[in-house]
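Reviewing the structure listed below.
Protein chains get the first letters and strands the later ones, always in sequence-line order, with residue 1 at the start of each. Both backbone and side-chain heavy atoms feed into the values below; hydrogens, waters and symmetry mates do not.
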Amino acid sequence: MGVSIPPKEADRLKNIVDENGGSSDEFDSEGEASEGSEVSEVATEEDGGSSGDEDASTSDGSGLVDDEDENEGSEEGADANGSSSDDEKASASVDDGLESGEGSGDSDSERSEVAEESDSSEDEVAPRNTIGDVPLEWYKDEQHIGYDIKGKKITKKERQDKLDSFLASVDDSKNWRKIYDDYNDEDVELTKAEAKMISRLLNGKAPHADFDPYAPYVDWFKWDDAIHPLSNAPEPKRRFIPSKWEAKKVVKYVRAIRKGLIKFEKPKEEPRFYMLWGDDSGAADKTNHLSYIPAPKPKLPGHEESYNPSLEYIPTQEEINSYQLMYEEDRPKFIPKRFTSMRSIPAYEDAVKDSFERCLDLYLCPRVRKKRINIDPESLKPKLPSRKDLKPYPSTCYMEYIGHKGPVVSISTEFSGEWIASGSTDGTVRIWEVESGRCRKVWEFDEAVQYVAWNPMPEFPILAISVGQDAYLLNTGLGNEETQRKVGELLHVEAAKVSDDSS
Amino acid sequence: MTKKDTAKKTVAKLKKNKHYRPAGKKREGNAARYMTRSQAIKQLQVNLSVFRKLCILKGVFPREPKKKVKGNNQTYYHVKDIAFIQHDPLLEKLREQRAYQKKIHKALAKKNEDLATRLRTREPSYTLDRLIRERYPKFVDALRDLDDCLSMVHLFAALPAVERLKINVLSHEWQAYVARCHKLRKVFVSVKGIYYQAEVEGQKITWLAPHAMQQVLPDDVNFSVMLTFVEFYETLLGFVNFRLYHSISVKYPPILDPRLEALAADLYALTRYMNGNTKRISEEQESGSTKPEHTRGQLEGAQFEESELRLSQLQHQLPSNEDRALMHLIEEDDDNDDDEDTKKCKKLFKNMKFYLSREVPRESLLFVIPAFGGVVSWEGDAAPFTEADQSITHQIVDRPSQGHMYLSREYIQPQWIYDCINFGVILEAHRYLVGRVPPPHLSPFVDNEAEGYFPDYAETIKRFEAAAKNEVLPMPGVGKDDLDDPQLLLAEGYLSRTEAIEVAERKKERATSEKQYLEDLKQEVQGHPDATASIAVEGAQVEEESSRPHLEQVAEDTDGTALMMMSRRNRGLFKAMKIAKDKKKAKVEKLKQRKKQIAEST
C-alpha cells in the first residue's frame, strides 16, 4: 500500500476492503475501480463540496483511497456540513456514521445508505465512459475509454489475471453480487436493495415492495348526477342474436368430429413387438412369388484373425513388403498381427466399412443358386480301361501261311489287300493270297531278304525288295494282260542286264 | 367397324404366327422376365434412394438372367420382384411421407412455425412387422438370417449415435436370452472384434461384436443405406427377442432396475430381471407339486436361507440378491429339457466365482461367464459382490502385475475364459497367469483336419483332453454323489462315451499294427525260416522294383488321357479344383516353413 494509514483507520479500511471483495493490494491498485462502488457516495460528497479534490481522485488512485478514508472517517462531520436536500437521507447517513463511528462497521446498513444515496442521485452521476454510444469493440485495443473534461485520457483498468480473480471470488462470499459493467469498465457491486429489486422483477412482481398491484379500483367518473347517456345509439342487433358465423364454425367442427377427422384422445400406444410367429404350422402355405435365395453367410474367421495367433501365422517383414509388388486384387486383405494381451488390442478401423460392404453385397449383388460340388477331383476323370486289358491285336490264330524256312523279316500288303508279300532270312520272297493262305509265287535269292514293299500305285503291281546290297523290282505277274503289258513296258530291260539291275 | 376388323386381323395374324410380335409390344423370354434397374425405377415411379430403401426392406435382390438383353454392365431385377414391390402398401406409405414432408417444408418456408410443429406431431409412419412376417414365414427362417442382423446391431450399439440406446437395449436383450438359456457355443477374440456363436433352435448363429472402443466413421460410407438396414434389423431383432422371451415365459419388453440401467449395467439388470421372472414361475409350479418335490423345495429353502446368510455378511447387499442365489437352484431343476450341448455348456464354469478387474472387457465377460454357468462380479458400482469375497475362485486381470493377491483364488488373463469355452474343458491356469504372454488364441471355427495343419497349441490341448479321457476310462460307472471332484466333473461334462470308445479302438489298431511290424523285424533278423514265403516276397519285391518307373509312367499317361477324355466342363472344374487344392497346400507349406524358421531362429 502506497500510503501510510493511521493504525486506527486500518481496521475500518479492512472492513471496506472485505466488502469490496478484493484483497488489500487489489484495492490499492484499483483505486479507480473501487470508486465505482463508492462512486455515488463520493459524488454526493462532492455535491456537498466538503472535501475531495477531483484532480487528485482521478490522477492518483491511492489518493482517492486516502480521500475516501477521510470521508469515512469524518462522515459525521461531512454530513453535518453537507447541504443535503433530503432530510431523511441526511439523518440516515448520520445514523450510519454514528454506527460506524462505534467501530462495529455494520456493512449492511452502510450498503443501504449507499443504495439510497445512489437512488436519489442516479441521474446526476454521469457515466465514467465518455466515448458515447458507439460499439465498445472500437476501443478494444485502446488503453483508454474516452477523455475527461480536461482532455486527459480516462484509462482502462488493468486486466486481471483470471486465476487471481477466480481465487479472490472464491474467497469472497458476496461475490455473486458483483457485476462487471463493460461500458464503464468497472466492477459494480449490487446493493442488497438492488439485488432484491432484481429478484422481484425476475419473479414477475413490481420492482418496489411497497407497490400494491391489487389496490381497490377508484372510479373517478361521477355517474350519479349524469342526465345524458354517454352514447345515444340504439343497441345493435348483433349484440342479442347468436352469431351466424360462429354457428357455421361449430357445425363444421361437429361434422369433422363425427367423421373422425378430429380426435381428442391420442391413439393408444400399442406395444411395438408382439408374437409375430405364433404358430408355425400354418405358415407353411406356399407363396406365389419367386423363391427367396438366402444370402451366403459371411466367412468365419480363421486362426490368423486371432488377436494372438500362433507365430507362424504372422508374415515376416519381407513378405509384407512383397505384398506391395502384387496386383491389388491378389494382395491379402488382412495382415495378421499379434497382441500379447487383450488390453492392447486397438480399435479395428475398418469395422464400419466392412459392415457397409456387407450391406452393399446384400442388396446389390445378384444372387444365383449354385450347387457347391464337394467331391474328390479324381472322381471327375473318366474310368479308362487299364493298359493290360487293351488288346488292339487279335489274340487267337486265324490263318497260317506256311512255306518260309527262316524267320520272316518283312511283310507288305498289296494295295487291294488281296495279296501279302513276305521276305525271309532264308532268302525267299513269297506272295500269299490273304484269304486262302496259298503261296502264289516264290523268288529265291542268295542272301537274306531285308525288306519288301509293294508299289502303292494300283495299276502297277510291282514289288520292291532289298537283298544284301541289292534292291530288286519284281514283276509279280498279277492283274490282267493289259496291266502285265504296261508293267512289262515299264520294267523293260535287256535280258543280259537283269541280274546287274542294282543301284 | 373398321377398328373391329383390324383387331380381328391382328388376332388372326397372331394365331397364324405364334411368335409374331408387333415391334415393341410384347416380349418373351429373358427380355420379358427381367428388367434393368432404371426400368424398374421408371415403373415404380420413385427415385433411386426410395427404390434402394424398398429393395432393402422388402429383401429384393438383383438376379442373374441367362441372357443379358440390355448388356453386361446392368443390374437385372426379376419382373415379379418389381411387381411385388409395386403392390406393397409400403410404397404408397413412402410416397405419402414424401408429400407430407413437402407440406412441412412449405409451412416452414411461409414462416408458419405453428403449422409446421402441428404437422410434425402427426407425420405418417410405417411399421415393418408385416414385411418381416412376409420375408420370414417361419421363426426358423428368421433365425437363419439373424447373423447379419446381430452383427449390425452390435456395431451400431458401439457407435456414438443418438438412437444408440434403443439398439443397445436390443443387443443386451438378445445376449441376456443367450446367456440365460446357455445357448452360447463358441467365442473368438479377433482383431476385428469378438465373434460369438450361439445355437438357437438348431440354428448356428454367429455374430461379431466390436471391441468397446471409439469407432472410426469413414467418409466413403453411405450411412442412409446402413440406417435402412438397421431400421429393419432392429424390428426383426425385437420380434425375435419377443418370441424367445415368450418361449421361456419372461415378459417382454423387460422392465429394468433404473439404478442399474443408469450405471450402464444393462446386461446384469436384464439377467436379474429374467431370473426374477422365471423364479416366480417356478414357484408357481412348485406350489402344485407332489411330495418328493416338496422335500426338494424344503431343501431349497434351507439352501436359500444359507445363501442369504452368506449374502447378508456381504457389505454391499443388493435388494434382490436372493434372486440370483435361487436361480442356480432353479437351473438344476430344468435340466431335463435341454439337449446335450446345453447341458455341457451349463456346467463348464459351475461352482466357480469370477471377479473382473477394471481393465478387462467387462461387457463381453459378463455375457460369456453366466452363459457357461459361472457367477461373476466386477469392480465398480452395483456389483453383486466385492473383491474381498473369500469365495471367489478366479480373478480375471489383464495388467502386467497384480499388487495385492488373495491366495485363495487364481489370477488369470481373460483369454483363459475364451479358450476354456472353445475347447470345452477347464484348462490349466498356469499358462494364463498375470504378466505372462498367453498361449496362442485359436479360432474355434476352423476344422484343422480339413485345413491340413495343426497349430502347436491345438495339439497340446488334444493331448490334454486325451489325458483327461484316460483317467475317465477305468471308471465307467461314476455315481452322481462325487460330482464335486473337478476331474470327474470334467470327465462327465465334456467327454462323451462314444468318443472314448473311438479312442480305444484307435489305440487297439495301433497296437496290432505295431505287433505285426515287430514280428516282421524278427523274421528278417532270423534269416529265412520259411523259404517259400521269402522267395515269394523277394519275387514280389523284384517285380515291384522293375515295374515302379513303368508304373509311374503308366499313371502319368492315364492321367493325361483321362484329362483328354473328360468333357470340357468337367476339365475346367477339375483344373479349378486342383488350383484350389494347390493353393491350400501352398498355404500349409508356408506355415510349416515359417514355423521351421522360427524354431531355427530361437
Name the region of [X], side chain, backbone, both or neither, that has any atom closer than 4.5 Å to a heavy atom of chain B.
X      : answer
A:E357 : neither
A:P346 : backbone
A:D354 : side chain
A:K381 : both
A:V368 : side chain

Heavy-atom cut-off 4.5 Å, strictly under: side chain, backbone, both or neither for [X] against chain A?
X      : answer
B:P439 : backbone
B:S567 : neither
B:V225 : side chain

Any donor-acceptor N/O pair, [X] side chain to [Y] backbone, under 3.5 Å:
X      : Y      : value
B:S443 : A:P301 : yes
A:R343 : B:E359 : no
A:W277 : B:Y136 : yes

Is it true that, when you exclude A:K353 itself, more than 12 heavy atoms of the residues, nucleotides or ligands shown sit nearer than 6.0 Å to its NZ?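 Open.
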Do the charged groups of B:D129 and A:R272 touch, with an N to O distance under 4.0 Å? no
For B:F239 together with A:Y274, are the ring centres under 6.0 Å from each other?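 Yes: the rings meet the under 6.0 Å criterion.
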Side-chain contact, heavy-atom cut-off 4.5 Å: B:Y457 with A:S310?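 No, every pair of side-chain atoms sits at 4.5 Å or beyond.
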Measure the acute angle between the ring planes of A:Y307 and B:H441, then classify it against the limits of 30° and 60° as parallel, tilted or perpendicular. tilted
Cation-pi geometry met for B:K590 and A:Y313 (6.0 Å, 45°):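 Relative to the ring axis of A:Y313, which defines the angle, B:K590 lies outside at least one limit.
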